[in-house]
Number of protein chains: 4
Amino acid sequence: MIIQLDLQSEVPIYTQLVHQIIEGIAGGKLQPGEPLPSVRSLASDIGINLHTVNKAYTLLKHEGYIQVHRQKGVVVNPDGMPPVTQEFADRQHSELRPVIAEAICRGMSKDELLDIVDRLYTDIAPITPIAPIAPQGGEN
Amino acid sequence: MIIQLDLQSEVPIYTQLVHQIIEGIAGGKLQPGEPLPSVRSLASDIGINLHTVNKAYTLLKHEGYIQVHRQKGVVVNPDGMPPVTQEFADRQHSELRPVIAEAICRGMSKDELLDIVDRLYTDIAPITPIAPIAPQGGEN
Amino acid sequence: MIIQLDLQSEVPIYTQLVHQIIEGIAGGKLQPGEPLPSVRSLASDIGINLHTVNKAYTLLKHEGYIQVHRQKGVVVNPDGMPPVTQEFADRQHSELRPVIAEAICRGMSKDELLDIVDRLYTDIAPITPIAPIAPQGGEN
Amino acid sequence: MIIQLDLQSEVPIYTQLVHQIIEGIAGGKLQPGEPLPSVRSLASDIGINLHTVNKAYTLLKHEGYIQVHRQKGVVVNPDGMPPVTQEFADRQHSELRPVIAEAICRGMSKDELLDIVDRLYTDIAPITPIAPIAPQGGEN
DNA sequence: GTGGTCTAGACCACA
DNA sequence: GTGGTCTAGACCACA
């Protein structure tokens with residue numbers, strides 16, 4: 001998968017990396033169980049520091065998107081993705097509200113906005129999404 | 001209008017302030033031409049630093065949401081809101097993409113997501129939005 | 001509060017720091033809302049790198065023990081401590097099992113072991129412990 | 001005895017192996033004098049590296065849990081288990097302290113904690129434990 | 001002054 | 001070779 005970073009962006013590099021990888025998973029370019037490049041190789045490939053990649057991987061690990069095996073390296077979580085928790089829903093709303101409010105101010109109708117979200121959704125995930133793991137100790 | 005800040009949030013206070021005011025405008029609680037509290041009074045009201053309010057107002061002015069007059073003070077832009085520019089659309093997409101990608105990974109269907117956006121839109125703007133000013137130069 | 005580190009230990013410094021601070025809270029030496037030293041001052045005080053302190057603080061923040069305010073610095077979570085979640089209970093058991101198994105092998109009776117735990121509990125928290133926050137969005 | 005490893009755990013595999021074997025002894029599933037599989041066969045049985053098993057066995061030998069003979073192979077120490085030395089007690093305390101401190105912070109009462117330890121003890125060793133060998137030199 | 005981010009470089013445990 | 005830990009040092013956003 002190709003990682004596209006904007007080093008001039010206000011968005012921290014490790015955050016961009018996190019976004020790119022999540023988008024890769026959402027789009028099916030990265031399948032559960034699929035290996036990701038090692039911290040060092042990815043860092044040298046995209047020309048950033050090892051610690052920056054590490055920070056991104058650590059975050060993705062904590063959120064349940066990837067697994068880090070001490071020696072085998074990093075893989076997309078083979079047990080599936082984290083589910084929609086209440087915490088996630090809350091965060092999602094607080095991220096969406098400012099974007100929606102701005103759209104409203106600038107005169108974007110609800111239909112226009114929904115259309116944009118619709119198209120972005122399809123653009124990111126042209127195929128059927130991966131089933132998430134059950135919320136708590138499910139049979140998967 | 002009541003300003004709600006979360007001082008523990010990772011979102012900078014001035015950004016939260018910007019969001020709150022934009023949401024106030026989007027919801028019709030702040031009408032074009034309506035005066036906003038002075039930098040000083042708002043800062044003391046919500047117990048934050050002058051510079052923080054100043055930074056928020058400066059940003060809102062640059063984006064066209066408010067006008068700052070030497071004597072008359074601060075008002076919601078009476079000429080209407082900034083339009084949907086290409087720049088805004090680009091920024092909006094780059095803000096929406098990570099949110100949507102995460103939703104997809106966690107198994108949220110397009111309909112579920114659209115429903116959330118729909119409900120947030122109505123929650124923020126229960127009334128008809130304000131007409132934006134025409135784009136300065138072309139139909140865009 | 002006095003921080004005691006063993007730089008020769010196999011336990012990483014940041015882990016020792018985490019343990020020390022949690023023990024300080026458990027013992028009432030660090031009260032909810034009480035400020036902790038800044039990343040930099042603590043690092044220079046105990047003669048370790050700023051990043052090592054940062055890692056400890058970040059961990060404590062994620063687990064809910066402390067809050068990190070961007071400018072005001074670090075405080076023990078004024079809303080109280082994280083509750084006993086299922087995840088915590090599981091981790092606790094997996095940490096206790098090897099310790100208990102070893103004690104059994106070496107001939108320590110259940111009463112002896114319980115006595116040790118009892119005494120350590122009292123040694124760490126001679127006073128009544130702090131009430132934790134309610135599991136999910138409670139009234140606190 | 002069945003060995004259960006979690007290859008995703010942060011606990012090193014050799015440590016998990018050590019824990020499993022000690023727990024097997026504590027639970028009476030592995031009796032003093034009883035043979036353990038050879039390094040090679042265990043490694044291939046559970047699909048891990050020879051060196052990893054070797055490291056675990058070496059550690060167990062040094063602590064006195066097992067004996068490794070050139071020809072007879074590996075056996076649970078027929079002379080009994082290592083005793084409760086001062087060194088062991090110290091290590092045990094330093095392992096228990098962080099677990100107990102965390103429990104206290106999260107509002108677990110002493111009785112609740114003792115109950116957990118009690119139940120884990122019985123769960124690990126439903127039968128009477130093996131008598132350890134006498135401490136080598138003094139009543140300790 | 002405070003934490004956040006990023007880099008460069010080193011050593012170690014693990015497998 | 002892999003990730004984990006630690007250091008030293010720098011620049012920046014925030015308040």
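Quick note on labels: first sequence line is chain A, next is B, and so on, each numbered from 1.
Residue pairs meeting the side chain to side chain donor-acceptor pair (under 3.5 Å) criterion with at least one partner in residues 1-19 of chain C, sequence neighbours excluded, are absent.
Each of C:L7 and A:Y57 has a nearest nucleotide on DNA chain F; the 5'-most of these lies closest to A:Y57.
A salt bridge links B:E95 with B:R91: the closest approach of a Lys/Arg side-chain nitrogen to an acidic carboxylate oxygen falls below 4.0 angstrom.
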Can you name the atoms? Protein N/O to nucleotides 13-15 of chain E N/O, anything below 3.5 Å, with the distance.
{"unit_1": "E:dC14", "atom_1": "OP1", "unit_2": "D:Y14", "atom_2": "OH", "d": "3.1"}
{"unit_1": "E:dC14", "atom_1": "OP2", "unit_2": "D:Y14", "atom_2": "OH", "d": "3.4"}
{"unit_1": "E:dC14", "atom_1": "OP2", "unit_2": "D:K55", "atom_2": "NZ", "d": "2.6"}
{"unit_1": "E:dA15", "atom_1": "OP1", "unit_2": "D:I13", "atom_2": "N", "d": "2.7"}

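Secondary-structure stems of DNA chain E, taken as three or more successive Watson-Crick or G-U wobble pairs (i with j, i+1 with j-1) under a 3.5 Å distance threshold, comprise E:1-14 with F:1-14.
Evaluation of the salt bridge (charged side-chain N to carboxylate O under 4.0 Å, His left out) rule for C:E34 yields no partner, not counting sequence neighbours. The side-chain hydrogen bond (donor to acceptor under 3.5 Å, both in side chains) search around C:D90 returns C:Q86, not counting sequence neighbours. Residues meeting the side-chain hydrogen bond (donor to acceptor under 3.5 Å, both in side chains) test with A:H62, sequence neighbours left out: none. For C:D45, there are no side-chain hydrogen bond (donor to acceptor under 3.5 Å, both in side chains) partners at least two apart in sequence or on another chain. Residues satisfying the side-chain hydrogen bond (donor to acceptor under 3.5 Å, both in side chains) criterion with B:N54, sequence neighbours excluded, are absent altogether.
Side-chain atoms of A:V74 and A:H69, non-hydrogen and from C-beta on, never get closer than 4.5 Å to each other.
Distance, A:K61 NZ to F:dG4 C1': 9 Å, rounded to whole Å. Rounded to a whole Å, the CD atom of C:Q8 is 13 Å from the P atom of E:dC12. One can place CG of C:L60 at 15 Å from C1' of E:dG3, the figure rounded to the nearest angstrom. A:L59 has its CG atom 16 Å from the C1' atom of F:dG3, to the nearest Å. The interatomic distance linking A:I48 (CD1) with E:dT7 (P) rounds to 6 Å, in whole Å. Following rounding to the nearest Å, A:L50 (CG) and F:dG1 (C1') show an atom-to-atom distance of 13 Å. Between A:D6 atom CG and E:dC6 atom P the separation is 12 Å, expressed in whole Å.
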Show me the side-chain donor-acceptor pairs of residues 35-42 of chain B shorter than 3.5 Å, one per line, residues at least two apart or across chains.
{"unit_1": "B:S38", "atom_1": "OG", "unit_2": "B:S41", "atom_2": "N", "d": "3.1"}
{"unit_1": "B:S38", "atom_1": "OG", "unit_2": "B:S41", "atom_2": "OG", "d": "3.2"}
{"unit_1": "B:S41", "atom_1": "OG", "unit_2": "B:S38", "atom_2": "N", "d": "3.2"}
{"unit_1": "B:S41", "atom_1": "OG", "unit_2": "B:S38", "atom_2": "O", "d": "3.2"}

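Contact check, A:N54 against F:dG4: a side-chain N or O comes under 4.0 Å of OP1 or OP2.
Donor-acceptor pairing under 3.5 Å, judged by distance alone, is absent between the side chain of A:R40 and the base of F:dG1.
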